[in-house]
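Heads up, the thing below is written out as structure tokens.
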Amino acid sequence: MLLSAARAEGSLVPSIKYVLVPNRRPPSREGHLFTDTTEALIDAVSAWLTEQHL
């Protein structure tokens, strides 16, 4: 639902890219902290920033 809203006409989001960050742990509240996936998260954000020329 959030992804759809971000892509909708009139959205304030200039660009969005859905990236699945692999995580070996089962879903949990702690999974939102990116404890074991920090490097993959940094790579994904860095790549998006580069694509945006930021």
Side-chain angles (χ1 to χ4, degrees):
M1 186 168 54
L2 292 174
L3 189 58
S4 178
R7 290 183 171 158
E9 185 177 335
S11 171
L12 298 177
V13 180
S15 174
I16 188 166
K17 182 177 182 180
Y18 181 79
V19 177
L20 181 61
V21 177
N23 189 350
R24 295 184 308 262
R25 292 183 181 204
S28 68
R29 289 183 305 204
E30 291 78 23
H32 289 282
L33 299 176
F34 298 99
T35 303
D36 297 330
T37 59
T38 303
E39 194 67 33
L41 177 63
I42 291 170
D43 291 345
V45 171
S46 296
W48 182 83
L49 289 170
T50 300
E51 290 171 9
Q52 303 306 307
H53 306 287
L54 299 173

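Computed over heavy atoms, backbone and side chain alike; hydrogens, waters and symmetry mates excluded. The shown structure was predicted, so the numbers you read here are calculated from the model rather than taken from an experiment.
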Give, for atom CD1 of Ile42 and atom CG of Leu49, the distance between the pair rounded to the nearest 0.5 Å. 11.5 Å
Donor-acceptor pairs under 3.5 Å, side chain of residues 11-20 to any protein atom, not counting sequence neighbours: which ones?
{"residue": "Ser11", "atom": "OG", "partner": "Ala6", "partner atom": "O", "Å": "2.8"}
{"residue": "Ser11", "atom": "OG", "partner": "Val13", "partner atom": "N", "Å": "3.1"}
{"residue": "Ser15", "atom": "OG", "partner": "Gln52", "partner atom": "NE2", "Å": "3.1"}
{"residue": "Lys17", "atom": "NZ", "partner": "Glu51", "partner atom": "OE2", "Å": "2.9"}

Please identify each residue that fulfils salt bridge (Lys or Arg N to Asp or Glu O under 4.0 Å) with Arg25, with sequence neighbours left out. Asp36
CG on Asp43 to OG1 on Thr37, rounded to 0.5 Å: 11.0 Å
